[in-house]
Protein chains: 2
Amino acid sequence: MAKVKPENEDSPKREAILDAALELFAELGYHGTTVPQVADKAGVGAGTLYRYFENKEALVNALFQKWKRELARQIMERFPVEQPVRTQFHEIWKRAAGFATRHPRALDFLELHHHGSYLDAASIAVEQELLIPIYAFAENAKRLQQLKEISAEILGALVWGGFMGLVNAARKGFVTLDKKTFDHAEECMWQAIRR
Amino acid sequence: MAKVKPENEDSPKREAILDAALELFAELGYHGTTVPQVADKAGVGAGTLYRYFENKEALVNALFQKWKRELARQIMERFPVEQPVRTQFHEIWKRAAGFATRHPRALDFLELHHHGSYLDAASIAVEQELLIPIYAFAENAKRLQQLKEISAEILGALVWGGFMGLVNAARKGFVTLDKKTFDHAEECMWQAIRR
DNA sequence: CTCCTTGGAATGAACGTTCATTCCGTAACT
DNA sequence: AGTTACGGAATGAACGTTCATTCCAAGGAG
C-alpha cells in the first residue's frame with residue numbers, strides 16, 4: 001500500500017550499493033564513476049540499482065545526506081553543555097578525529113563533493129545541521145569571553161579547515177593520523193581561537 | 001620538422017583555452033566538463049584545442065602545473081630571508097591572501113583537483129615546489145625557537161588548511177574575503193603555530 | 001509430500017544519447 | 001602556389017537508463 005520502493009530503508013542491497021558508491025565516488029569523483037562500476041562493486045546487477053535509487057543523481061544525494069548527517073550526529077550527540085569551553089572544544093575535536101579514523105572514505109567523499117552542481121536543495125540544507133550547533137558553541141564561548149572577538153564564521157572556517165588540512169596531508173602521506181598528531185593539532189587550533 | 005606544437009608557448013588561443021578550462025574545471029570538475037564546452041568558451045573550434053594540447057588529460061595537467069607554479073612563485077618570490085619570523089609569516093599570509101583575491105578560480109581549481117587520477121607524475125611533482133620552501137621556513141623558525149615543537153608537516157597542514165577553509169567558507173557565502181577577515185585569520189593562525 | 005501458480009525482485013543486453021577525438025574542406029598567411 | 005592554422009561535422013566508444021526476461025520464495029491444490 002504505502003510501499004513505493006521495494007525496501008524503503010535498511011536493505012542489505014541498498015547498503016551494499018551505498019558502500020560501493022562511497023568508495024568509488026571518494027576516489028574517482030561523481031562524474032568519474034560509472035553506474036555499472038558501482039553495481040559491480042556492490043555485487044548487484046546494473047538494473048537493480050534503479051530499484052533503490054531513482055537515478056545516479058539521487059544516489060549521490062542520498063549518500064551525501066547520509067554521511068553529513070552521520071558526521072553531525074557523531075559530533076553533536078550528547079554534547080557536554082555544562083562543561084567548560086575548553087572541555088567542549090576538546091570533545092568536538094576528539095569526536096571529529098574519531099570520525100576521521102573510523103570513516104576516512106566518508107570524509108574524503110564529503111570534502112570532494114561539498115560543491116557540485118548535482119547536489120540538490122535537501123543536500124545543501126543538511127550542511128546547516130552541523131553548522132548551526134557549531135556556531136552556537138562559538139557564540140556562547142565568546143559570550144563567556146573565552147574566545148577571540150572574531151566572527152564565529154571565521155573561527156569555524158579556520159578550525160574545520162585546519163582539521164581537513166590534516167586529513168588531506170595524511171592522504172598524501174605527509175603525516176599519520178595517530179593520537180599524538182591529533183593532540184598536537186588540537187592544542188594548536190585551541191591557541192588559534194582562544195582569547 | 002621539429003615543431004610538434006604550432007606555438008609552443010605564449011599564444012593568444014592557447015591562453016584563451018587555458019582560461020576557459022580554468023573556469024569550467026573549477027566549477028564543474030574535470031569529468032563534468034566537456035571539451036566542446038571549453039572550446040566554445042575559449043572562442044575556438046573543438047579541433048583547434050588539439051593543436052595546442054595532446055588531449056583533455058594533457059590540458060588539465062598543463063593547467064594544474066601552471067597555477068601551482070604561479071602560486072608557489074607569488075608566495076616565495078623575493079622571500080624576506082633576513083626578517084624576523086613573525087614578519088616572514090605575515091608576508092606568506094599576505095601573499096596567499098593576495099593570490100586568493102586576484103585568482104579565486106585558480107584556488108578553487110587547485111583545491112578541487114589536488115587529488116585526481118588524471119594528474120600525471122609531473123603535476124604531482126610540482127606540489128614539492130611550494131612545500132619545500134614552506135617546510136624550510138618552518139624548520140628554520142623552529143630552530144630559532146619561535147614555533148611550537150611540532151613537526152613542520154602538521155603546522156603546515158593546519159595553516160594551509162585554515163587558509164583554504166576560509167576560502168571555502170567565502171565561496172559558500174559565510175564570510176567575505178576582505179582585509180579585516182584576512183588580518184583576523186592571520187592573527188589566529190599565528191597563535192596556532194607560535195611557541 | 002509434490003506440483004503448479006503467482007508476483008515481486010533481480011538481471012544484463014540493448015537503446016538512445018553524449019563524449020573525446022579525428023578528419024577534411026576552407027581561410028589565412030608567406 | 002604552398003604551407004600552416006582553423007573550425008565544426010563526423011565518428012566510434014562509452015555512458016546512463018530501460019525493459020523484456022529470469023529467478024525464487026511462498027502458498028494453494030491435489
Within this structure, what is the CG-to-P distance between A:Leu49 and C:dG12, rounded to whole angstrom? 13 Å
Identify, with sequence neighbours excluded, every residue that meets ring-ring contact (aromatic ring centres under 6.0 Å, His included) alongside B:His90. none
Out of A:Glu129, A:Glu127, A:Gln128, A:His113, which one pairs with A:Lys68 under the side-chain hydrogen bond (donor to acceptor under 3.5 Å, both in side chains) rule? A:Glu127
Measure CG/A:Asp40 against C1'/C:dT11 and give the value in whole Å, please. 12 Å
Is the ring pair B:Phe89/B:Trp190 parallel, tilted or perpendicular, if the boundaries are 30 and 60 degrees? tilted
Result block: side-chain N/O donor-acceptor pairs under 3.5 angstrom for residues 115-122 of chain B, not counting sequence neighbours:
{"residue": "B:His115", "atom": "NE2", "partner": "A:Arg171", "partner atom": "NH2", "Å": "3.2"}
{"residue": "B:Asp120", "atom": "OD1", "partner": "B:Ala122", "partner atom": "N", "Å": "3.2"}
{"residue": "B:Asp120", "atom": "OD1", "partner": "B:Ser123", "partner atom": "N", "Å": "2.9"}
{"residue": "B:Asp120", "atom": "OD1", "partner": "B:Ser123", "partner atom": "OG", "Å": "3.2"}

How does each nucleotide of nucleotides 19-25 of chain C score, in 5' to 3' order, for protein heavy atoms under 4.0 Å: base (B), sugar-phosphate only (S), or none (-)? SSBB---
Distance, rounded to the nearest Å, where A:Arg51 contributes CZ and D:dT17 contributes P: 16 Å
Between D:dG8 atom P and B:Lys13 atom NZ, what is the distance in whole Å? 10 Å
Does B:Tyr52 make a side-chain N or O approach to OP1 or OP2 of D:dA5 shorter than 4.0 Å? no
NZ/NE/NH1/NH2 to OD/OE distance under 4.0 Å, B:Glu186 and B:Arg86: yes
Do A:Arg195 and B:Glu187 sit within salt-bridge range, that is, some charged N less than 4.0 Å from a carboxylate O? no
